[in-house]
Amino acid sequence: MRPSTTGSLLLLRIVLLYSAAVVVSQPANAASTSSTLDPKQVRALQSLYIPTTHDPCTQPSFHNATVCDNGTPFRHLLSLRLSNCSEDLSLSTTALSSLSTLTSLSFVDCHVPIVHFPTSLSINLLSFTSINSLQRLTGVFLSRFSNLTELDISGDSIKASGIHIITSNMKSLNTLTLSNTNLTGLIPKHWYPKLSHMDLSENKLNGTIPTSLTLLENLRFLNLSSNQLTGEIPSTIGDLISLQNLSLSSNSLSGSIPGSISTISRLVHLDLGSNQLNGTIPRSINEMKGLKYLNLENNNFHGVMPFNASFIKKLTVFKINGNDNLCYNHSSISKKAKLGIAPCDKHGLPILPPPAADEPSSSVDDLSSGDYDDGGDSGKKKKGDDSDHGPNKVVLGVAIGLSAVVFLIIFLIILSKCGGRCCGCC
Ligand SMILES: *[C@@H]1O[C@H](CO)[C@@H](O)[C@H](O)[C@H]1NC(C)=O
Ligand SMILES: *[C@@H]1O[C@H](CO)[C@@H](O)[C@H](O)[C@H]1NC(C)=O
Ligand SMILES: *[C@@H]1O[C@H](CO)[C@@H](O)[C@H](O)[C@H]1NC(C)=O
Ligand SMILES: *[C@@H]1O[C@H](CO)[C@@H](O)[C@H](O)[C@H]1NC(C)=O
Ligand SMILES: *[C@@H]1O[C@H](CO)[C@@H](O)[C@H](O)[C@H]1NC(C)=O
Ligand SMILES: *[C@@H]1O[C@H](CO)[C@@H](O)[C@H](O)[C@H]1NC(C)=O
Ligand SMILES: *[C@@H]1O[C@H](CO)[C@@H](O)[C@H](O)[C@H]1NC(C)=O
Ligand SMILES: *[C@@H]1O[C@H](CO)[C@@H](O)[C@H](O)[C@H]1NC(C)=O
Ligand SMILES: *[C@@H]1O[C@H](CO)[C@@H](O)[C@H](O)[C@H]1NC(C)=O
Ligand SMILES: *[C@@H]1O[C@H](CO)[C@@H](O)[C@H](O)[C@H]1NC(C)=O
C-alpha cells in the first residue's frame, strides 16, 4: 500500500550527483528560452540533497520527487517528496522558507527531526505526509497546517493530548491517516463534513465511538482498529451512507451489532473481529449484496449463525471462529465447511464439544475447495444427500435381488417336484 521503494534509486542518484550539483550551482538551462526553477529553490533543493544538475522541473528526479508550476520568469515547486533520506540530511528553516510555494510535501523513510516551519509554507500546504520519518512531531506543530485536505502520519510518534488538537481547525480535511502514532485520548466529537477517509488505527485511543461520527455523510473509509475503544457501536451507524470499508477490530467494543449496519448499501469490507460484541448476528447482513470481506471472529455472539452457503461463497474473506456460543445450521451449511464454530442442535445451541481447533480461522477458499459440495440452492443440496445415502441403497437393492433369486429357485424346485407327483391337488 505504501509507496516505499521510490527512494532507493533516488538516494543513489542523490549521492552520486550531489558533488556535481554543488559545482553546477547555476540553473542548467539559463540560456534556454523556457523558464527554469527559481534559483532560491534550486539552492534549497541542494541543501536537501536533491540533484539539480538537470532542471528538476523538466527532468523531475525519480517518481516525481519534484513537481513545478509553469511560472515566468521562474518556475516554482508545487510538490516535493523526500524518501529514503541519507543519515546526514537535516531540515533548515531557511530552506523551508524558500520552498513556501509547495502545496504538497512528503517524507517517506526519511528520519529527520522537525524544525520550525515558516507560516507561509504551513498555510500553503494542502497535503502533508510523514511515513516512518519525522521525529518529535507534536499536535501543535501539525495543527498549524490549517489548509490541509490530506494528512498522513504513519509510524511516527505524535505528542498530543488528543486528536482534536491536530484537526480542530482543518476545515477542508478530506483524508486523515494517523496510524501507529501512539496517540492517546478520545476520538473527537466534532469533524468537518468533507472528511471521506479516516484511519486512526493502531493508536491508544480510548472512550467510546462518538455518535456524531455517523453524521459524516461523505465518509467512505473508517478504520479505528487496534485501539482501546469501549462501549457500543452507535445505533446510527447506518447513517454513514457512503461507507465502503469499516474496521473496528481489536478494540473492547461491547453490545450487539446494530441492525442499521445492513442499510449501508456500498459496504464491501466489514471487520468487527476481536471485540466483546454479543447478542445474535443480525439476519439482515445476509442482504448486503456488495459485501466481500466479513470478519466477526473472536467475539461473544450466540445463537444460530444467519448466513447460508451461497452468501458465504460470495465473500472473499469470511471469519467467524472464536465465538463459543455461536453455531451453524448444518441443514444449510456443509459440515465440511471448517467455520471454526460448532453445528447447532435442534434447539439452536452448539453441539458439544466444539470442533477441533485445527483451523484457527476459515477462509472462503476452504469452503469452496473440493471437499465442499456446491451448497446454496436446495436442488443441488438434495443431490448431495442422495449420493451420501447411495451406498446404503445399493446394499439394500442387492439384498432384495438376491432373496428374490433364492425364492425363485425354491419355487421352481417345488414346481418341478409337483409336476412329477401331481402334488396333492390330485
Ligand atoms: C535506501 O538507500 C540505501 C542506500 O543508502 C539502499 O541501500 C537501500 O536499499 C534503500 N532502501 C530503500 C527501501 O529504497
Ligand atoms: C508525475 O506527475 C504528473 C503530473 O502531476 C502525473 O501526470 C504523472 O502521472 C506522475 N508520474 C508518476 C510516476 O507519479
Ligand atoms: C489558508 O488558510 C488561511 C488562514 O489560515 C486563509 O487565509 C487562506 O485563504 C487559506 N488559503 C487557501 C489556499 O485555502
Ligand atoms: C510508541 O510507544 C512505544 C512505547 O513508549 C514505543 O516503543 C514505540 O516505538 C512508539 N511507537 C512509535 C510509532 O513511535
Ligand atoms: C483514557 O485513558 C486515559 C489515560 O491515557 C485515562 O486518564 C482516561 O480516564 C481514559 N478514559 C476512558 C474513558 O477510559
Ligand atoms: C485498518 O488498519 C489496520 C492496521 O493499520 C490494517 O491492518 C487493516 O488492514 C486496516 N483495515 C482496512 C479496512 O483498511
Ligand atoms: C476496502 O476493502 C476492499 C475489500 O476488502 C479492499 O479490496 C480495498 O483495498 C479496501 N480499500 C481500502 C482503501 O483499503
Ligand atoms: C451483552 O453485553 C452487555 C454488556 O456488555 C450486557 O448488558 C448484555 O446483557 C449482553 N447481552 C446479551 C444478550 O448477552
Ligand atoms: C435449520 O434449517 C432448517 C431448514 O432450513 C430448519 O427447518 C431448522 O429449523 C433450522 N434449525 C435451526 C436450529 O435453526
Ligand atoms: C441464502 O440467503 C440469501 C439471502 O438471505 C437468500 O436470498 C437465499 O435464498 C438463501 N439461499 C438458500 C439456499 O437458502
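Numbering of ligands and ligand atoms starts at 1, following listing order. Owing to the predicted nature of the structure, the values given are computational and were not obtained by experimental measurement.
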Does N323 use its side chain to pair, donor to acceptor, with the backbone of I320 at less than 3.5 Å?
-> yes

What atoms of ligand 8 come closer than 4.0 angstrom to any heavy atom of S254?
-> 5 (O)

Just jot down the ligand 7 atoms closer than 4.0 angstrom to any heavy atom of F221, in number order.
-> 12 (C), 13 (C), 14 (O)

For the side chain of S265 and the backbone of T263, is there at least one donor-acceptor N/O pair under 3.5 Å apart?
-> no

How are the rings of F117 and F141 set to each other: parallel, tilted or perpendicular (split at 30° and 60°)?
-> perpendicular

Quick one: which ligand 8 atoms are inside 4.0 Å of a heavy atom on N278?
-> 1 (C), 2 (O), 3 (C), 8 (C), 10 (C), 11 (N), 12 (C), 14 (O)

Any idea which residues sit under 4.0 Å from ligand 9, heavy-atom distances?
-> N329, S331, D345, G348

Mind checking whether H269 has an N or O less than 3.5 Å away from an N or O of ligand 7?
-> yes

Side-chain contact, heavy-atom cut-off 4.5 Å: N278 with F301?
-> no

Could you tell me whether the side chain of T177 and the main chain of D199 form a donor-acceptor pair under 3.5 Å?
-> no

Is L151 close to T175 at the side-chain level, that is, under 4.5 Å between some pair of heavy atoms?
-> no

For ligand 7, is there an N or O atom under 3.5 Å from any N or O atom of N245?
-> yes

Mind listing the closest non-hydrogen atom pair of T214 and D239 along with its distance?
-> O-CB, 3.4 Å

Non-neighbouring partners of Q276 that pass side chain to side chain contact (heavy atoms under 4.5 Å, CB included), sequence neighbours left out = S252, N300

In terms of atom number and element, which parts of ligand 7 are under 4.0 angstrom from non-hydrogen atoms of Y293?
-> 5 (O)

From F145 CZ over to L121 CG, what is the distance, rounded to the nearest 0.5 angstrom?
-> 7.0 Å

